[in-house]
There are 2 protein chains.
Amino acid sequence: MVKETNIQTAFQEVMAASGNIPPKQKQVLAASLSLFAEKGFASTTTKEIAERAGVAEGTVYRRYRTKDELLAGVLAPFMTEVLPKLVSEFAEKVVGQTYSSRHDLVATVVNDRMQFVVENQSVLRILVTEILVRNDLRDQTISRMVPLLKQNLYPVLDHLKAIGELVDWPNDRIAQFMIGTMLTQLVRSTLTNEEVTSAASLIIKFLEKGLAPE
Amino acid sequence: MVKETNIQTAFQEVMAASGNIPPKQKQVLAASLSLFAEKGFASTTTKEIAERAGVAEGTVYRRYRTKDELLAGVLAPFMTEVLPKLVSEFAEKVVGQTYSSRHDLVATVVNDRMQFVVENQSVLRILVTEILVRNDLRDQTISRMVPLLKQNLYPVLDHLKAIGELVDWPNDRIAQFMIGTMLTQLVRSTLTNEEVTSAASLIIKFLEKGLAPE
DNA sequence: CGTTTCAGTGAGTGAACACTCACCTTTTCT
DNA sequence: AGAAAAGGTGAGTGTTCACTCACTGAAACG
C-alpha cells in the first residue's frame, strides 16, 4: 500500500511549515474537525470545541480570531495540501506506468483514491455539507479542483481515448461518472456504516463497463 | 410528459387533507422551505422566516411550536407523499409496459425520475444536508426508503436479470449505481448551474453499459 | 347583537452564543 | 537570573436567538 496523503499528515506538514504550533492549538483544530463533521459547523458551539479539546474557551480564539477563521483553518490544509496531491499523485501513478489500459486506470482510481476518501471522510463530510450552503466556499473549491483535473486527469483520459481504450465522451462527463460513483459509496457507507472497501471490486467493474468504447 | 408528483402539489394535498390551512401559514412554510434550502436549517433564523413570509414572528410559532417542528413540517409532505409516489409510480410505469429491456428500464428511470429530482431540488437539498448531520432524520429516511425500493424496484431488477438483460449483481448495488449516478448530476448542476436535462442521454448510455450482463 | 373562537401581532424575555480581556504561567532569549 | 514574549485561562459582555404572551381584529355561531 502506498503512502497516502491524508488530513492528519497534511495537518502536521502545514503546522511544521508555519512554525511550531503548540499542542493545545492542535487539539483545538482536531476537536473542531470532529465536531464540525458530527454536527455541522453552524450548530457547533465554541464552548463544545473548548470542552472536547480540553482547553479554555479563550484558547480557541488565540490563533483564529473568529469561528469562521477556525473553519477555514480546518479546511485549509485539506484544500492546499491534500487536494492537489490527491490528483497529482494519481496522475503520476497512472502516467508512470507502462501499461495504460482502461482497466488499469479505473482500478488505480478506485483502489487508490477510495482509500484516500476513506482516510479523509471527516473533512470531506464537512466540505460537502458546507459547500451546499456557502457560496464562497463552493466557488473556491471549484476554482481549485477544475484546473487540477484539467492538468492531471484529462491528459490521461485523452491518451486512453486515442488508443481506443476509453469511450469518446467529454472529459468532464467521464470525470463526473468516476468521481460520482466513488462519492456515492462514501455516502452509502456513511448512511449504513458499511465497509467502503468491500464495494471496490464491483465499482471497478461497473466503471470499466460503463466507460468502455461504444 | 407525465404528471409529476412534486413538492408543491404535495403541499397542497397535505394541506387539503388536514383541513384548511390559512394563507399566512402557507407563506411561512414556503419561506422556511426556500431559506432552509439556501442557508441551511441551523443558520436560518425565525426572524428571517417571518420577514420573507411577510408575517409577524409570532405567526411562525402558531402552528409549529418549535423550529424543529417547522423543519418536520416542511419535510413531512415530501416524506409521506412525494417519496412513496416517486418509487411506486415508477414501478407501475416500468412493470406496466410490455417490453422490459435494460434500455427501457434505464431510460425510464433517468428521464422520468430525473425530472422529479429537478422539480424537488429544494427539498432534496435540505434533506441531503440535514441527513448528514441529524441521526434521527437519517434513520427515518432510510427506514422509509429501503422497503419502498425492495417492494417496487427489486422485482423489476430480478425480472430483468432472469431474462438476461441485467448484470447479476446484488439489487442494492444496482440501485446504488443508478441513484448515485443521478444524484451526482444533481450535485453537479447545483455547483455549476448547468441544465440537468442536458446530461440525460449520456447518463442513460453510461448506466446502460455499466449494468449490462457480463 | 353578544359571545366565542381563532389567526395574527410584535414588544418582551431568558438563555445561549461568539467573542474579549485582564491576569496568570510557561517558554525563550540574553 | 531577569526580562520579554508567547501561550493559556475563565469570568465577563453585548448581542442574537428561539420562543412567549397579552392583546387586536375578524370571522362564526346562536
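All chains are named by letter (A, B, ...) in the order of the sequence lines, taking the proteins before the strands, and each is independently numbered beginning at 1. Here the structure is a predicted model, which means the values were calculated and not measured.
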Peer 1: Choosing from dT9(C), dC19(C), dC19(D), which nucleotide comes nearest the side chain of Lys67(B)?
Peer 2: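 Out of dT9(C), dC19(C), dC19(D), the nucleotide with an atom closest to Lys67(B)'s side chain is dC19(D).
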Peer 1: dA16(C) P sits how many Å from Glu48(A) CD, rounded?
Peer 2: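 About 12 Å, once rounded to whole Å.
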Peer 1: What nucleic acid atoms does Val55(B) come within less than 4.0 Å of, heavy atoms only: base, sugar-phosphate, or nothing?
Peer 2: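 Sugar-phosphate contact only.
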Peer 1: Given atom CD of Gln25(A) and atom P of dG7(D), what is their separation to the nearest angstrom?
Peer 2: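 So the two atoms are 8 Å apart, to the nearest Å.
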Peer 1: Within this structure, what is the CD-to-P distance between Gln27(B) and dT9(C), rounded to whole angstrom?
Peer 2: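 Taking CD of Gln27(B) and P of dT9(C), I get 9 Å after rounding.
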Peer 1: Test your reading of the model: is there a side-chain donor-acceptor pair from Asp112(A) to the backbone of Thr108(A), 3.5 Å cut-off?
Peer 2: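 Checked: no pair found.
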Peer 1: Of the options Leu160(A), Leu157(A), Ile174(A), which is the one that meets Leu211(A) in a side-chain contact (heavy atoms from CB on, under 4.5 Å)?
Peer 2: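 Among Leu160(A), Leu157(A), Ile174(A), the one that satisfies the side-chain contact (heavy atoms from CB on, under 4.5 Å) with Leu211(A) is Ile174(A).
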Peer 1: Between Gly58(B) and Pro22(B), which is nearer to the 5' end of DNA chain C once each is assigned its nearest nucleotide?
Peer 2: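 The answer here is Pro22(B).
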Peer 1: To the nearest Å, give me how far apart CZ (Arg62(A)) and P (dT26(C)) are.
Peer 2: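 Rounded to whole Å, this separation is 15 Å.
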Peer 1: Rounded to the Å, how far apart are Lys24(A) NZ and dC24(C) C1'?
Peer 2: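 Between C1' of dC24(C) and NZ of Lys24(A): 13 Å.
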Peer 1: Hey, does Thr44(B) reach any base, or is it just sugar-phosphate, or nothing, if we go heavy atoms under 4.0 Å?
Peer 2: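 Sugar-phosphate contact only.
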Peer 1: How close or far is atom P of dG12(C) from atom NZ of Lys47(B), stated in whole angstroms?
Peer 2: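 Interatomic distance, NZ of Lys47(B) to P of dG12(C): 15 Å.
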Peer 1: Choosing from dT9(C), dC19(C), dC19(D), which nucleotide comes nearest the side chain of Thr59(B)?
Peer 2: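 That would be dT9(C).
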Peer 1: Please report the shortest heavy-atom distance between Val60(B) and Thr46(B), naming the atom on each side.
Peer 2: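 Looks like CG2-O, 4.2 Å.
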Peer 1: Nearest whole Å is fine: how far is dC19(C) P from Leu71(A) CG?
Peer 2: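 Taking atom P of dC19(C) as the reference, CG of Leu71(A) is at 12 Å.
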Peer 1: About how many Å separate CG of Leu137(A) and CG of Leu127(A), when rounded to the nearest 0.5 Å?
Peer 2: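 Taking CG in Leu127(A) and CG in Leu137(A), the distance rounds to 5.5 Å.
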Peer 1: Under 6.0 Å from the ring centre and within 45 degrees of the ring axis: does the NZ or CZ of Arg173(A) meet both conditions for the six-membered ring of Phe206(B)?
Peer 2: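 Arg173(A) over Phe206(B) ring: no.
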Peer 1: Taking any heavy-atom pair under 4.0 Å as a contact, classify Thr45(A): base, sugar-phosphate, or nothing.
Peer 2: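 Counting heavy atoms under 4.0 Å across all strands, the contact made by Thr45(A) is with sugar-phosphate only.
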Peer 1: What's the NZ-P distance between Lys26(B) and dA7(C), to the nearest Å?
Peer 2: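 That distance rounds to 14 Å.
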